[in-house]
Protein chains: 2
Amino acid sequence: MPIILKSMVTLSEENYLKAIYHLGKQGVNAVSTNAIAEKMDTKASSVTDMIKKLAEKNLVNYIKYQGVSLTKEGRLTAASVVRKHRLWEVFLVEKLQFSWDEVHEVAEQLEHIQSKKLVNELDTFLEYPTHDPHGDPIPDKDGNITKTDKIILSQLQVNQRCMCVGVNDSSADFLKYLDKHHIALGTQIQILSKEPFDESLTIKVDDVVINISKVVANNIYVKSQTL
Amino acid sequence: MPIILKSMVTLSEENYLKAIYHLGKQGVNAVSTNAIAEKMDTKASSVTDMIKKLAEKNLVNYIKYQGVSLTKEGRLTAASVVRKHRLWEVFLVEKLQFSWDEVHEVAEQLEHIQSKKLVNELDTFLEYPTHDPHGDPIPDKDGNITKTDKIILSQLQVNQRCMCVGVNDSSADFLKYLDKHHIALGTQIQILSKEPFDESLTIKVDDVVINISKVVANNIYVKSQTL
DNA sequence: AATTATTTTTAGCCTTATCTAAAAAAATAT
DNA sequence: ATATTTTTTTAGATAAGGCTAAAAATAATT
Ligand SMILES: [Mn+2]
Ligand SMILES: [Mn+2]
Ligand SMILES: [Mn+2]
Ligand SMILES: [Mn+2]
């Protein structure tokens with residue numbers, strides 16, 4: 001029989017908790033089996049199995065057929081994984097010359113390394129960053145995040161100015177698209193016009209005028225500048 | 001059916017290859033099942049099972065009842081794991097304020113992170129270290145190590161001077177013992193006398209005279225100074 | 001050479017994390 | 001209010017990696 005240390009959480013369990021954490025953020029507090037299965041690219045039956053294990057360990061609240069929500073302990077564990085993921089992403093970009101489209105896969109592995117000292121020292125080494133390379137907030141030791149008031153670019157009015165502060169889609173393809181058009185965190189953007197037909201936008205990025213589709217505009221977070 | 005990328009090696013397989021690599025270094029080329037089991041704190045039957053898998057993947061040469069040896073590919077894989085382990089140990093000590101007795105457990109986890117870019121950039125970031133915090137050599141990209149001519153402290157003659165360049169036992173207990181007596185890599189040591197009865201040594205460490213047992217002397221690697 | 005001891009392998013079982021297919025419950029549509 | 005569709009759960013299988021106990025092979029003694 002393997003020695004079980006104070007509520008050990010497996011790598012797989014951590015990934016489920018993280019998925020529930022992210023899905024739960026989007027408003028509702030009861031996350032469905034199917035939503036988890038889709039997010040994790042697995043089958044609903046596998047999700048049900050795992051949910052039972054997590055409920056047994058008091059990491060989620062679970063009532064059959066009614067979805068799950070994280071307990072306090074589950075939320076803290078998930079936040080810790082997210083914290084590690086984002087700190088490592090900062091490390092990779094700031095110290096190891098990774099670009100923002102290359103960090104995610106590696107961070108998916110690094111987020112499971114268990115060592116409190118490692119996380120704390122990494123945080124210190126990076127000088128306590130508050131956001132990762134995609135503009136996402138880094139939870140603190142207690143799992144708290146300071147949410148900033150960012151909005152989706154497509155919601156701005158014509159002529160408004162704003163600054164890019166994050167992305168909704170962190171896929172390499174989208175990030176490389178943004179690179180190509182010189183859009184990065186901190187980039188100034190002005191809405192020049194909106195096409196009524198397909199809701200595409202003409203925007204000015206650092207004095208260069210470009211056209212972006214509605215889909216693109218839906219995936220860029222900005223902070224509106226004072227008019 | 002999971003997609004198998006070009007000869008995927010699991011975490012467990014990596015650990016077995018590493019154990020065989022380390023056991024193989026000590027002279028003989030055929031490593032016994034029991035030796036692996038002991039080193040990995042597992043059972044001989046589990047070792048036999050795993051050896052079969054590794055042989056199937058052409059990572060080890062295996063003849064029933066006659067032990068195993070690494071193939072070229074197996075040795076390269078093992079060396080890559082050792083390279084990562086030692087590079088991470090350097091990182092933890094040099095950048096994250098870990099002491100040399102705290103790094104091993106974390107490096108055991110970090111050594112399995114898969115990303116060529118990560119290893120290469122880490123190597124660059126650390127300015128291409130050749131040895132880890134315990135004085136062990138770091139294999140290069142091709143798995144080659146430059147072996148230095150270090151000897152065991154207990155083999156020196158009375159009155160000889162030397163410099164500590166490594167340890168044979170990397171356990172936290174032993175490393176803390178060395179800390180307590182101010183012995184670190186680079187420390188100058190002179191043999192003052194050897195007790196015939198128990199082969200304990202009286203040595204001078206930076207002008208301080210101390211006594212160390214034969215066991216301790218057997219686990220300190222030194223480079224002899226010109227007489 | 002025969003016996004005993006040790007090492008290694010095999011056989012069978014267990015746990016974790018998956019899957020497919022079928023059953024049950026809940027949600028939606030008629 | 002029924003019937004149909006969708007979602008969720010259960011049942012049964014599988015693969016990886018581990019274990020114990022027994023069998024087989026090798027090594028060491030008498
Ligand atoms: Mn990420
Ligand atoms: Mn991110
Ligand atoms: Mn180590
Ligand atoms: Mn080391």
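Note that the structure is a prediction, hence the values are computed from the model and not measured.
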Checklist entry - Salt bridge check: are A:D123 and A:R83 linked by an N-O gap of less than 4.0 Å? => result yes
Checklist entry - Salt bridge or not for A:K18 and A:E111, using N-O below 4.0 Å? => result yes
Item to check | Of the listed nucleotides D:dC19, C:dT16, C:dC19, the one nearest the side chain of B:S46 | outcome: D:dC19
Round to the nearest Å and state the distance from [X] atom [atom1] to [N] atom [atom2].
X: B:M50; N: C:dT10; atom1: CE; atom2: C1'; answer: 17 Å
X: B:N15; N: D:dG17; atom1: CG; atom2: C1'; answer: 12 Å
X: A:L11; N: C:dA17; atom1: CG; atom2: P; answer: 9 Å
X: A:E13; N: C:dA17; atom1: CD; atom2: C1'; answer: 10 Å

Next on the checklist: Looking at A:T42, I'd like to know whether one of its side-chain N or O atoms comes within less than 4.0 Å of OP1 or OP2 on C:dT18.
Outcome noted: no
Next on the checklist: Counting only side-chain nitrogens and oxygens, does B:Y16 get under 4.0 Å of the OP1 or OP2 atom of D:dA16?
Outcome noted: no
Checklist entry - Does atom NZ of A:K194 have more than 12 heavy-atom neighbours from other groups under 6.0 Å away? => result yes
Checklist outcome for this item: B/S/- along nucleotides 5-13 of chain D (protein heavy atoms under 4.0 Å) is --SBBB---
Item to check | B:N15-B:H112 side chain donor-acceptor pair, cut-off 3.5 Å | outcome: yes
Item to check | salt bridge (Lys or Arg N to Asp or Glu O under 4.0 Å) evaluation trace for B:E195 with B:K214 | outcome: CA-CA 10 Å; B:E195 171 61 44; B:K214 183 191 177 182; over 6 Å; no
Next on the checklist: Tell me whether the rings of A:F91 and B:W88 are parallel (<30°), tilted (30 to 60°) or perpendicular (>60°).
Outcome noted: tilted
